[in-house]
Structures are given as C-alpha cells and as structure tokens.
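Proteins get letters first, then strands, A, B, ... in listed order; numbering begins at 1 in each.
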Amino acid sequence: MSDLMFARSQMAMSLAFHIIFAVVGIAMPAMMVIAEGRWLRSRDPVMLELAKRWAKGTAILFAVGAVSGTVLSFELGLLWPSFMEHAGAIIGMPFSLEGFAFFTEAIFLGIYLYAWKRIPPRAHFAAGVVVAVSGALSGAFVVCANAWMNAPTGFTIVDGVVTNVDPLAAMFNKAAPAQIVHMTLAAYASTGFAVAGIHAYALRRGTPHRAFHRGALQIALAVGLPAALLQPLSGDWSARDVAERQPVKLAAMEGHLRTGPAAFVIGGWPNGETLEHTGAIEIPGALSWLLRGDAQAVVPGLDAVPVADRPPVAIVHTAFQLMVACGSVMAALALWGLWRWWQRRQQRGIALPDDRRFLLAVLLCAPLGFIALEAGWTVTEVGRQPWIVQDFMRTADAVTPMPGLGVTFALFTALYIGLALTVAFLMWRQILKTGIAPRPSNMTGELAIPRGLSQTAPRP
Amino acid sequence: MLDGTPLTWTLPNAVAGTMVLSLNAYVLLGGADFGGGVWDLLARGRRADDQRALIAKAIAPIWEANHVWLILVVVLLFTCFPKAFAHLATELHVPITAMLVGIVLRGSAFTFRTYDSRQDHVQRRWGRIFSIASLLTPIVLGVCLGAVAGGRLPMRPTAVLATVSFQARFVDPWMASPFAWAVGLMTLMLFAFLAASYLTVEAPDDALRAVFRRRALQSQGALLVVAAVTLAFARADNPLLFEGLTRGRTAVFMHAVTVLAVIVSCWSLLTSRFHVARVAAAAQATFLLWGWAWTQFPWLIPPDHTIEELAAPRITLTLILGALAIGTMILLPSFVYLFRVFKAGETAFGDEGQVG
Ligand code: HDD
Ligand code: HEM
Ligand code: HEM
C-alpha cells in the first residue's frame with residue numbers, strides 16, 4: 001500500500017474506533033440520568049443501583065473515548081498537515097467549542113462518578129444532566145467540522161491563497177443541520193439498542209435479578225426505540241441534502257452510474273470505471289421519484305465526473321445499503337415494540353413488552369445500530385473521495401510527506417486491537433456481575449442487587 | 001526575548017499567551033497526574049500499597065478534566081496558528097506518535113485498574129503499564145518542546161527538503177539534540193516533584209506524609225541538577241537561546257522568582273508546612289514555564305518565525321478569544337465546584353453508597 005493509503009486507513013480506523021466510545025459518551029449519561037431521576041421520584045433502590053452500574057461502565061468507556069479522541073486531534077496534523085494548514089483557521093471554531101464541551105463533560109462526570117456521598121441527591125442528578133447535555137453538544141460541534149468538509153463555505157480562494165475567512169459561516173454550513181440531527185439520533189439509537197440487547201439476554205436467560213434488568217430494558221428501549229423510529233426520516237433529509245450538495249456522492253450511494261432517470265438499485269456490485277452493475281435488483285424510476293417526485297427526472301450519475309474524481313463506488317453503495325437495511329430493521333422493531341407497549345398498557349397497565357419473542361428480537365437487533373453507525377460514516381467519508389474538502393482539496397494533496405506510515409498504522413492497529421479486547425473483557429465482567437445468568441459464573445463474584453419496589457411484576 | 005522585542009498586546013500575542021496559560025494548567029494538573037504515575041512505579045517499602053492507593057485516589061476523579069488542557073493547547077494551535085501546527089506535526093511526527101501511545105496506555109490502563117475491582121495479576125499488570133507510560137510520556141513531551149525551543153525545526157522551502165534525508169529531517173532534530181533530551185528529563189523531574197509536593201498535603205497520615213516529603217525533596221534536588229545541565233547544553237548547543245535565558249532584565253527577574261520559589265519550597269518541606277510547599281511547587285513550575293515562554297518571545301518557531309507571522313486571520317483570533325472568554329465564565333465556576341466537592345469531607349451524604 002502507498003503511504004496515502006496507510007494514512008487513510010489509519011484515519012479511518014481511529015475514527016471508527018473513537019466513534020463507538022463517543023456515541024456511548026453521548027447516550028449513556030442520558031440513560032443514567034433517567035434511572036437516577038426515577039429513583040429520585042420513586043425511591044426504588046433498583047433504579048439507584050442501575051444508575052451506579054451504568055455509571056461505572058460509562059467511566060471505562062469514557063476514558064477510552066478521551067484517549068482515542070486525543071489521538072485524533074493530533075492525527076489531524078500528523079496525517080493531514082496541509083489540510084489543517086488551510087482549514088484550521090476556518091473550522092477551528094467548532095473544535096474549540098467542542099473543547100469547552102469536553103471540559104464540562106469531564107468535570108461533571110468526575111463529580112457524577114465520585115461524589116455520590118458528597119453532594120445532595122438533586123445536585124448529583126443535575127451533574128448528570130450536565131454530562132448528558134455537554135456530551136450531545138460536543139458531538140454536534142465536531143460534526144459541524146465534518147459537515148464543512150462536505151459543504152465548504154466561509155472563505156474564498158484568491159490565487160491559491162485562502163482569504164475572507166468567516167469561521168461562523170463555516171461552522172453553520174449547509175450540511176451541518178441534517179448531519180447533526182442524524183448523528184445525534186444515531187447515538188441514542190445505537191447505544192439504546194445495544195444496552196437493551198444485553199438486558200434482554202439476561203431476562204431470557206432467567207436472571208435472578210428480574211426487576212433490575214426489566215428496569216434497565218425499559219429505559220434502554222425508551223431511549224433507543226423513538227430514535228430508531230425517527231432515523232429513516234432524518235436519513236431521508238440527509239439524502240436530499242447530499243443530492244443537492246454532493247451529487248456524485250449520492251450517485252455512488254445509490255449505485256446510480258449513468259446520468260438519466262434513476263432506478264432504485266438494491267444490492268449488486270457497481271463498477272465505477274466500466275459503469276456496470278453485477279447482480280443488482282433495480283426498480284426503474286424509483287430514485288428519481290423519491291428525490292424529485294417524478295419518475296422521469298434526470299439525476300446526475302457517476303459518469304458526470306471523470307474517473308479520477310469518482311469515489312470507490314462499490315464500498316459506498318454497499319455501506320449505504322447496509323446502513324439503510326439496519327435502519328429499516330431497527331425502525332420495524334421500534335414500531336413493533338411501541339405497538340406492543342401500547343397494547344399491553346390497554347390490557348394490563350404493565351407497559352414493558354417482555355415476552356420471549358420480543359426479547360429475542362431485541363437481542364438480535366443489539367448490534368445493528370453500531371453497524372449502521374460505522375456504515376454511515378463510511379458512506380460520508382469514502383463517498384467524499386477523492387476530496388478531503390469537497391471540490392477544494394484532494395486527499396492526496398493533504399497527506400503528510402513523512403514516509404513509512406505503514407509502521408505507525410501497524411502500531412495503532414495493534415494498540416486499538418489490544419484496547420478493544422481489554423474493553424470488551426472488562427465490560428463483560430461488569431455485565432456478569434449483574435447476575436446475567438441463573439447461576440453465578442466463576443469469573444466474578446456477584447454483587448448484591450437490592451430487591452426493588454417493582455419486584456411484584458408478573459412473569460410471562 | 002531573544003532580540004529585546006517589546007511585548008505588545010496584539011491579538012496573536014494574546015492567543016499565544018492563552019496557550020501558555022493552558023499549558024501551564026496542564027503542567028500543574030495533568031503533569032501532577034503523570035508524576036503520580038512515576039511515584040506509583042517507585043512505590044517501595046511495607047506501605048507501597050498505601051502509597052499507590054493514595055496516588056490513585058488523588059488522580060481518579062479529575063484526570064480526564066486535567067487532560068483536556070492539553071487538547072485545548074492543540075486546538076488553539078491548529079486554529080490560531082495552523083501553519084505552525086502543520087509544520088510541527090510533520091517534523092515531530094515520530095516523537096508525537098510515541099507520546100500518543102504513551103497517553104493512550106496511561107489513560108486507559110489507569111482507568112482499567114481503577115474500575116476493575118478484582119485484585120489479581122491482570123490488575124497489577126495494568127498498574128505497571130500505567131506507571132511506565134507515566135514515566136515515558138513526559139520525557140517525550142519535553143523532548144518535543146525542547147526541540148522547538150532549541151530552534152531545531154526551521155521551516156525550509158520544499159526544494160531544500162527534497163534533498164534532506166529521512167534521518168536528517170524526521171529523527172535528528174530531536175533525537176540528536178542533547179538540549180531537547182535534557183528538557184525531556186527536566187519535564188519528568190518537574191512532574192514528579194509537583195506530584196510529590198501535592199501528595200504531602202493529601203496524605204492521610206504522618207508516615208505517608210513523610211514518605212512524600214522525602215520524595216519531594218529528592219525530586220527537587222534532581223530537578224535542580226537537570227536544570228543546570230539543561231542550561232549548560234543550551235550554552236553549548238544554542239548560544240542564542242542561552243543568551244535569551246541569561247540576559248536582560250526580564251530573564252534575570254524570572255530566574256530570581258524561580259529561585260525564590262525553590263527556596264520557599266525546600267524550606268516549607270523541611271519544616272513540614274505542606275500547604276505552603278504545594279503553592280511553592282506550583283509557583284516554581286509556573287515561573288519555569290513562563291520563563292521559557294518569555295525567552296522564546298516573539299518567536300513561535302525559532303529561529304525565524306514569529307507569533308505574528310504564523311497567526312491565523314484576525315477574525316478567527318477574535319472569535320476564538322471571545323469563545324474562550326465565554327467558555328471561561330462557565331468553566332471557572334465548574335472547576336471551583338469540582339475542587340470544592342473533592343476537598344470537603346465525605347460525611348454529609350454518606351448513606352447513598354458509592355460506585356464500586
Ligand atoms: C444508528 C445509526 C444509523 C441508522 C439506523 C441510519 N443511519 Fe444514516 N448515517 C449514520 C447513522 C445511521 C451516521 C453514522 O451517523 C451518519 C454518518 C455521517 C452522519 O451525519 O451520519 C450517516 C449518514 C447518512 C447519510 C449521508 C450523510 C452525508 O454524507 O452527509 C445518508 C444519506 C443517510 N445516513 C441516510 C440514512 C437512511 C435513509 C437511513 C434509513 C433507515 C439511515 N441513514 C439509517
Ligand atoms: C467518527 C466518525 C467518523 C468516521 C467513522 C469516519 C470515517 C472515515 C473514513 C472511513 C475515512 C477514510 C476515507 C477514505 O480514505 O476512503 C475518513 C477519512 C477522514 N475523515 Fe472521517 N470519519 C468520521 C468523522 C470525521 C470527522 C468528525 C472529521 C473531522 C472533522 C473527519 C475527518 C476526516 C479526515 C481529515 C479524513 C482523511 C481524509 C480523507 O480520507 O478524506 N472524520 N474518515
Ligand atoms: C476528527 C474527529 C474527532 C476529533 C479530533 C475528536 C476529538 C476528541 C477528543 C480530543 C476527545 C477527548 C475529550 C476528553 O478528554 O474528554 C473526544 C471525546 C469525545 N468525542 Fe471526539 N473527536 C472526533 C470525532 C468525534 C465524533 C464524530 C463524535 C460524535 C459525533 C465525537 C464525540 C465525542 C464525544 C461525545 C466525546 C466525549 C468523550 C466520550 O464520551 O468518550 N467525536 N473527541
């Protein structure tokens with residue numbers, strides 16, 4: 001591989017790694033706070049226990065998010081110095097604001113984790129709210145910076161020199177609103193689904209701590225299901241946005257190879273050079289109709305630009321389909337869950353759907369959010385290629401002159417694999433401690449979980 | 001001030017000053033966290049485990065908040081001096097990468113050790129990784145700063161760069177500079193000294209206090225030796241820098257206050273006035289840092305690029321300073337609250353249990 005390829009791979013790996021922890025850092029505080037709020041209202045000890053267990057897991061994940069984020073801030077310069085040289089002054093603004101969001105997040109997370117005994121319960125709850133809000137804000141700020149790469153504004157170029165810099169216009173670029181909404185929803189949906197899956201597993205296995213896991217499942221679903229339901233709507237908005245500002249990216253996403261009325265292409269392996277598909281199902285005119293409300297409308301295809309300006313279409317198309325597939329399944333589960341919820345409320349006044357079939361579905365859907373998340377970022381980033389800043393700077397022109405990037409790539413790959421394995425092992429140990437299996441395993445002592453007020457819930 | 005340029009409060013200078021301020025905060029807060037890791041590695045004797053527990057307790061609630069100061073320095077650098085950021089990140093690619101690995105290992109190993117409750121060999125191994133990374137990272141950080149301060153990283157035209165070998169461009173400027181390594185060692189000693197001085201205050205009993213008092217005095221001694229060596233290297237290596245360090249009224253003043261802080265620190269440690277010693281240690285580190293900043297002014301990348309030259313457009317600087325001002329108004333009370341919460345006792349709400 002060339003140094004450029006190593007640099008791109010390293011950036012992609014670092015971001016793909018960081019985003020997992022970032023997303024957890026956005027959504028977990030919200031769930032902790034909901035649990036603690038319910039404890040404050042009902043004094044149900046199970047809810048307090050839940051908030052504490054979640055907080056402990058979050059602390060581990062947050063630390064990994066912090067260190068991997070630090071790596072990213074340096075990597076912007078280590079790998080893409082020319083990009084930062086020109087873009088730094090234009091998009092530094094959201095990064096600086098993000099810095100402040102990190103500060104508040106880290107400060108109040110410290111308070112949340114360590115000050116249970118030191119401050120009044122309401123103050124403690126408020127600290128949790130601050131963590132949740134600043135987590136969401138820091139995500140929004142960094143996505144502003146990313147959106148600028150898709151829709152660069154706030155500067156002019158005169159004779160190759162960047163002038164007339166307007167950081168505010170750059171920050172509030174056209175791509176930002178749709179991306180921020182989509183990303184924030186993704187954070188709640190993916191984390192909510194993953195957490196719900198863990199607790200659904202415990203309930204299916206027949207845990208001794210039913211009240212605890214039911215409470216957890218309820219909160220996780222309350223966060224994840226509505227977000228998953230809204231996600232296709234928000235994705236539609238994103239897609240229309242892309243169609244307007246990056247028609248080539250849209251063509252790559254949809255596998256729309258030749259300019260003309262656009263079919264909706266399902267599956268298949270498009271080739272960007274020969275402009276041929278293999279093995280795709282096409283619904284003629286459907287994409288044109290979706291975008292313009294007219295099946296005959298002309299949509300620019302991949303052939304609108306020279307071969308050198310086309311993104312790797314097969315990757316983008318596949319990743320996009322993967323995201324949409326995951327999103328559709330998740331939205332379907334959300335519909336089913338909400339319907340069952342409503343139905344049960346009518347019948348028995350106990351809302352949480354916990355029959356085994358539903359739990360199995362929740363369990364199976366647990367990883368889908370994170371898969372969609374990674375796929376979605378692949379669409380956004382790979383779909384922008386060969387540009388690092390759409391239409392202004394090519395990725396190849398931004399890369400560092402430092403040779404031998406294969407070495408740093410190997411180094412960080414090893415580091416991240418090690419970290420990922422460790423984190424997975426630790427989280428699994430934390431989860432086992434909640435008595436996920438009927439009999440305690442020998443890996444860890446089980447911690448006492450108080451019997452809750454809602455222990456009387458009937459069993460299926 | 002290498003050439004006696006008078007300090008004027010232009011926008012770029014204000015931003016550069018802010019960067020030194022946040023580097024200062026990082027040294028005082030984050031630096032002490034690294035230093036704690038060093039003492040964790042060196043914990044000896046019957047009460048080694050108590051020492052480790054004290055260190056962990058002092059670091060735990062706030063290391064992520066302390067760590068953000070470094071992020072702020074980086075973000076300010078790439079927003080307000082993008083050319084300098086691009087240049088430094090290119091030329092110092094190798095040591096910065098090493099530093100990142102250190103940061104990742106330290107932060108994650110510390111957290112894994114803290115949150116995984118089982119006392120077993122796995123946990124001890126994380127403790128080892130944490131402390132070794134705490135030892136190496138400050139050295140590399142210091143080496144990077146030393147290479148910049150020593151004027152080892154001039155900006156050269158592309159045509160010249162094409163003729164320079166990998167070794168000469170990416171390795172020698174920091175690797176072959178004794179001055180840079182001396183600064184690296186000095187950083188390590190400084191962090192260890194800060195941590196030991198703080199820990200004398202936080203120790204729960206007299207025996208531990210005595211341990212860290214001894215440690216503080218030892219590391220102060222080592223720090224002074226390394227500082228003298230650094231100065232000697234500066235003289236041999238880099239006469240211009242040495243001149244800046246020793247000439248002029250401001251430099252002499254900076255040295256004087258630093259020496260005063262050293263004296264107060266040693267005196268208060270010897271007489272067990274630990275609260276004074278903590279302040280003196282922080283003051284010493286602060287004067288040392290600002291002394292360096294002062295010496296380097298007006299150059300951002302010595303020997304030939306000034307703060308003014310490398311600054312981003314005014315509008316960016318103005319907005320960033322505005323954002324910093326607003327951010328500070330939110331942050332300062334938050335930090336005060338954080339430190340107050342963890343200074344106060346645990347009694348008030350003791351019935352709610354604790355994570356763990
Ligand atoms: C839980 C995660 C998740 C789910 C279920 C979906 N997405 Fe998504 N999508 C993301 C997570 C995501 C993301 C990872 O968060 C991205 C990457 C960049 C961004 O802003 O959001 C993204 C990007 C992204 C983009 C590109 C935006 C750009 O380049 O600016 C489009 C067009 C869509 N999505 C469309 C959809 C549609 C039509 C979905 C229908 C079900 C969908 N997404 C579900
Ligand atoms: C966290 C979610 C993100 C993921 C998973 C992600 C994914 C990727 C991927 C897959 C690439 C490689 C593209 C290729 O080489 O074909 C890439 C490149 C890059 N991304 Fe992102 N990205 C994310 C967010 C961001 C954000 C928020 C920024 C900046 C503000 C950013 C900046 C970059 C840069 C500078 C590159 C290298 C240049 C390029 O290949 O275009 N990314 N990212
Ligand atoms: C180029 C891209 C990125 C850079 C340079 C970056 C940088 C950072 C840094 C330095 C931290 C550590 C802060 C601390 O010490 O607490 C961090 C954490 C975080 N980042 Fe990123 N980040 C990037 C991409 C993203 C994306 C795409 C998102 C989300 C949408 C995101 C959301 C977060 C959040 C919520 C945290 C808080 C820590 C946590 O919860 O784990 N970041 N990031």
Engineer: Tell me which of these, B:Y337, B:F170, B:F81, has more heavy-atom pairs under 4.5 Å with chain A than the rest.
Structural biologist: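 Top count of heavy-atom pairs under 4.5 Å with chain A: B:F170.
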Engineer: Taking the six-membered ring where the residue is Trp, are the ring centres of B:F335 and A:F103 under 6.0 Å apart?
Structural biologist: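 Yes: the rings meet the under 6.0 Å criterion.
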Engineer: To the closest 0.5 Å, what do you measure between CE (A:M393) and CZ (A:F83)?
Structural biologist: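 One gets 8.0 Å once the value is rounded to the nearest 0.5 Å.
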Engineer: Check whether the ring centres of A:F412 and A:F17 lie less than 6.0 Å apart, and answer yes or no.
Structural biologist: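 Ring centres of A:F17 and A:F412 not closer than 6.0 Å.
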Engineer: For the interface with chain B, which of A:T422, A:T104, A:L168, A:D166 has the highest count of heavy-atom pairs at distances below 4.5 Å?
Structural biologist: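 Ranked by heavy-atom pairs under 4.5 Å with chain B, first place is A:T422.
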Engineer: Go through B:I330, B:L88, B:L319, B:T97 and name the one with the most non-hydrogen pairs under 4.5 angstrom from chain A.
Structural biologist: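 Option with the greatest count: B:L319.
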Engineer: As an exercise: rank B:I326, B:T316, B:T328 by heavy-atom pairs under 4.5 Å with chain A and give me the winner.
Structural biologist: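 Of B:I326, B:T316, B:T328, B:T316 has the most heavy-atom pairs under 4.5 Å with chain A.
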Engineer: Can you say whether A:L415 sits under 4.5 Å from chain B via the side chain, the backbone, both, or neither, judging by heavy atoms?
Structural biologist: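 When you check distances to chain B, only side chain atoms of A:L415 fall under 4.5 Å.
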Engineer: Under 4.5 Å, counting heavy-atom pairs only, tell me which of B:L77, B:L72, B:I103 racks up the most with chain A.
Structural biologist: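 The residue among B:L77, B:L72, B:I103 with the greatest pair count is B:I103.
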Engineer: Counting heavy-atom pairs closer than 4.5 Å to chain A, which one of B:V94, B:L324, B:L92, B:L317 comes out on top?
Structural biologist: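 Looking at each option in turn, the highest pair count goes to B:L324.
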Engineer: Out of A:G99, A:G418, A:S96, return the one with the most heavy atom pairs under 4.5 angstrom to chain B.
Structural biologist: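 It is A:S96.
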Engineer: Let me know if A:T400 has heavy atoms under 4.5 Å from chain B in its side chain, its backbone, both or neither.
Structural biologist: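 The answer is the side chain of A:T400.
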Engineer: Hey, does the side chain of A:W39 reach the backbone of A:V46 with a donor-acceptor pair shorter than 3.5 angstrom?
Structural biologist: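 No, because the side chain of A:W39 does not come within donor-acceptor range (under 3.5 Å) of the backbone of A:V46.
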Engineer: Hey, does the side chain of A:D3 reach the backbone of A:L405 with a donor-acceptor pair shorter than 3.5 angstrom?
Structural biologist: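 Present.
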Engineer: For a quick test of reading the model, state the closest non-hydrogen atom pair linking B:S22 to B:W69 and the distance between them.
Structural biologist: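 Nearest heavy atoms, B:S22 then B:W69: CB-CE3, 3.5 Å.
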Engineer: I'd like to know which of A:L97, A:L419, A:V130 tops the heavy-atom pair count under 4.5 Å against chain B.
Structural biologist: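 If we count pairs closer than 4.5 Å to chain B, A:L419 comes out on top.
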Engineer: Short question: side chain of B:Y198, backbone of B:L28 - any donor-acceptor pair under 3.5 Å?
Structural biologist: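 Checked: pair present.
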Engineer: For the interface with chain A, which of B:V104, B:V75, B:I320 has the highest count of heavy-atom pairs at distances below 4.5 Å?
Structural biologist: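 The option with the most such pairs is B:V104.
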Engineer: State whether the side chain of A:H18 and the backbone N or O of A:V71 hold a donor-acceptor pair below 3.5 Å, judged by distance alone.
Structural biologist: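 Checking the backbone N and O of A:V71 against the side chain of A:H18, no donor-acceptor pair under 3.5 Å is found.
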